[in-house]
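The structure appears below as structure tokens.
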Amino acid sequence: MEFKVAGDQAVLIILGDKRSEQVTSNVQKLASLIESSSIDGIEEVILGYQSILVNYNPIKITYQTIKATVASLEHKLTTSHLSTNTLIEIPVLYGGEMGPDLSDVAQFHQITEEEVIHLHTSPIYTVHFLGFSPGFPFLGGLPKQLTTPRLDSPRKKIKAGSVGIANNQTGIYPTDSPGGWRLIGNTPIPLFNFNKKAPFLLSPGDKVKFKAITKKEYVEIVADVKGRDVDV
Amino acid sequence: MFKVIKPGLLTTIQDLGRKGYQKYGVAVSGVADSYAHRIANVLVQNPEDAATLEITLLGPELKALKSTTIAITGANLNPHINNKPVPMWSTITVKKGDRIHFKGYSSGCRAYLAVSGGFEGDNVLGSKSTDLISQIGGKEGRSLERGDYIYTGNDGTLLKIPTRRRLIPTLIPTYSSNVTVRVILGPQEDAFTEKGIHTFLNSEYTVSLDSDRMASRLHGPKIEHVKSADIPSEGMFIGAIQVPKNGLPILLQVGRQSIGGYTKIAGVISVDLPKIAQLKPKDKITFKQVTLEEAQELLVKQEKLFTMWKATI
């Protein structure tokens, strides 16, 4: 564990110099240990691939105190278990208008579209972190056979719910936005709803599995989601 | 309650930001210059986190639909009421029908207009701040437009202040278009060559036209990396100075994304954040290295003075 000064209101904690299952799991464990310790002066944590950024109020707590407090949590990494091992199944309508790049991805790897769908729905992915835009999950665990470069020029508008691939990552666009990921499908499930008590579908550390659905199922889910907009 | 007659260049409803949701990818947003914003609120007896209007360079024209008390702080954008200049860093009584308007800019980039009771706005995840990228908060997630009505918390109640309240002159910041900003090196100072660090600390940079609430992009001598300019994506912080492959520094502001994958050479210290918030295109900036201890001492001192002033009014 390495501590780095990040301005006078943040500490960067680096947990490894390579991306690995171990590092990912430690990032998630330590972040939740820090959050559950409710240390006065610590405002929020941001998870990265190999690091945690801790934002603090320097009037209330010093860098040295944070360093000592977090270091004292390190021994718990080996004993603590992730409590957030929720497995969330995300239904996806692959191909067609909903996944305009599915055929290109298949062609790129010289496999069929069905094989792309099969490969994409097989693994259990881990939410490394959410970033880029509210609720955008960066998922680890994409099969190597699906590693595909970004589009040469990004699209100006991508439909909310689009599931894409960029290099060895896969993710979901929560809102209509520009972007350069290769789109293979679309989920009718919203990734966030500010009217809900728990506004975000996914949290760092969650496990995700994609499930292929038919157009009919897609339409049914859209209607169902509309009926359950608010739960506050 | 006010009616927007002219929106100005970029006028948004902001408070101290949307905190606690960065790990879900939500930007903090909020006022760029929290010092000026807090003073404006204190003057009109609001909590420091009440929403104010952040006004950029060319101010709006607002018509008061009820009498109230306001305060304008931050950049000097030459505020007027009914064609008469009004003082800044001070309470101003506004009568029903009055026109608040601005005549060009003299110093700084962003002014803050606080109103007694605070501005109302869409509250998203505990904040009324306008996030222009995600289009949430404030007035429908956008900047003010002609014809908008903006509401205040205690409409029509004229604040009972016996005398005019003002900020003591020694606490009024001066905004220069040629600033020296103090920084703490890191977290990726090792990604730069000795020459690169020397370039960064000994050159003058110019704020590019391509600057906004997310970041100020700077032009000037290129900062040399040891090898790569990319890092595995990690959390970003206010005032971080990231340097991508082209060697030109980018100052991260309140509208920044929560995560980024470029090397960061340094971070601007808290007490100097208003200086970068008040930079406008073509302004000049140089960087000076300080230690974390010095930065935090300066902040404690500033907050003490602020608290003392607050207690006197």
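Lettering of chains follows the sequences in order, A, B, ..., and the numbering in each one begins at 1.
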*Is B:D190 paired with A:K4 through a side-chain N to carboxylate O contact shorter than 4.0 Å?*
yes
_For the interface with chain B, which of A:F138, A:F136, A:F132 has the highest count of heavy-atom pairs at distances below 4.5 Å?_
A:F132
*Checking B:I238 against chain A: side chain, backbone, both or neither under 4.5 Å from a heavy atom?*
side chain
_For A:D17, is the CG atom crowded, meaning more than 12 foreign heavy atoms sit under 6.0 Å from it?_
no
*Relative to chain A, which of B:G267, B:G235, B:G239 shows the most heavy atom pairs under 4.5 Å?*
B:G235
*asked:* A side-chain contact here means heavy atoms from C-beta on lying under 4.5 Å apart; do B:K19 and A:E44 qualify?
replied: yes
*Most heavy-atom pairs under 4.5 angstrom with chain B, which of A:A31, A:A10, A:S133?*
A:S133
*Any chance you could measure A:I59, atom CD1, to B:Q302, atom CD, to the nearest 0.5 Å?*
8.5 Å
*Just give me the residue among B:S134, B:A295, B:S270, B:G260 that pairs up with chain A most often, heavy atom to heavy atom, under 4.5 Å.*
B:S270
*chain A heavy atoms under 4.5 Å from B:I136: which part of the residue, side chain, backbone, both or neither?*
side chain
_With side chain to side chain contact (heavy atoms under 4.5 Å, CB included) as the criterion, how do B:V26 and A:F200 come out once you've worked through the C-alpha distance, each side chain's angles and the decisive distance to 0.1 Å?_
CA-CA 11 Å; B:V26 182; A:F200 295 94; 3.5 Å; yes
_Rounded to the nearest 0.5 Å, what separates atom CD1 in A:I46 from atom OH in B:Y24?_
13.0 Å
*Identify which part of B:L273 has an atom lying under 4.5 Å from any heavy atom of chain A, answering side chain, backbone, both or neither.*
side chain
*asked:* Taking side chain as everything from C-beta outward and backbone as N, CA, C, O, which of these in B:A240 sits under 4.5 Å from a heavy atom of chain A? Side chain, backbone, both or neither.
replied: neither
_Nearest non-hydrogen partners of A:G131 and B:S258, listed with the distance_ = CA-OG, 4.1 Å
_Is A:E35 close to chain B through its backbone or its side chain, or both, or neither, when contacts mean heavy atoms under 4.5 Å?_
side chain
*Go through the atoms of A:L202 and report whether side chain, backbone, both or neither lie under 4.5 Å from a heavy atom of chain B.*
backbone
_Spacing of CG belonging to B:L299 relative to CG belonging to A:N57, to within rounding of 0.5 Å_ = 8.0 Å
*asked:* Does any backbone or side-chain atom of B:L125 lie under 4.5 Å from a heavy atom of chain A? Answer side chain, backbone, both or neither.
replied: side chain
*At what distance, to the nearest 0.5 angstrom, does CD1 of B:I231 lie from CG of A:L12?*
7.5 Å
*Does the side chain of A:N55 come within less than 4.5 Å of B:Q22's, by heavy atoms?*
yes
*Counting only heavy atoms not in B:K304, do more than 12 fall under 6.0 Å of its NZ?*
no
*Is A:F129 close to B:S233 at the side-chain level, that is, under 4.5 Å between some pair of heavy atoms?*
yes
*Taking atom OG of A:S177 and atom CD of B:Q135, what is their separation to the nearest 0.5 Å?*
10.5 Å
_Can you tell me which of B:E303, B:Q188, B:Q257 forms the most heavy-atom pairs within a distance under 4.5 Å of chain A?_
B:Q257
*In terms of side-chain heavy atoms, does B:Q296 have a donor or acceptor partner in A:T62 at a distance below 3.5 Å?*
no
*Between CG of A:D8 and CZ of B:F237, what distance do you get to the nearest 0.5 Å?*
9.5 Å
_Using every non-hydrogen atom in the two residues, find where A:L130 and B:I259 come nearest and quote the distance to one decimal._
O-CG1, 4.1 Å
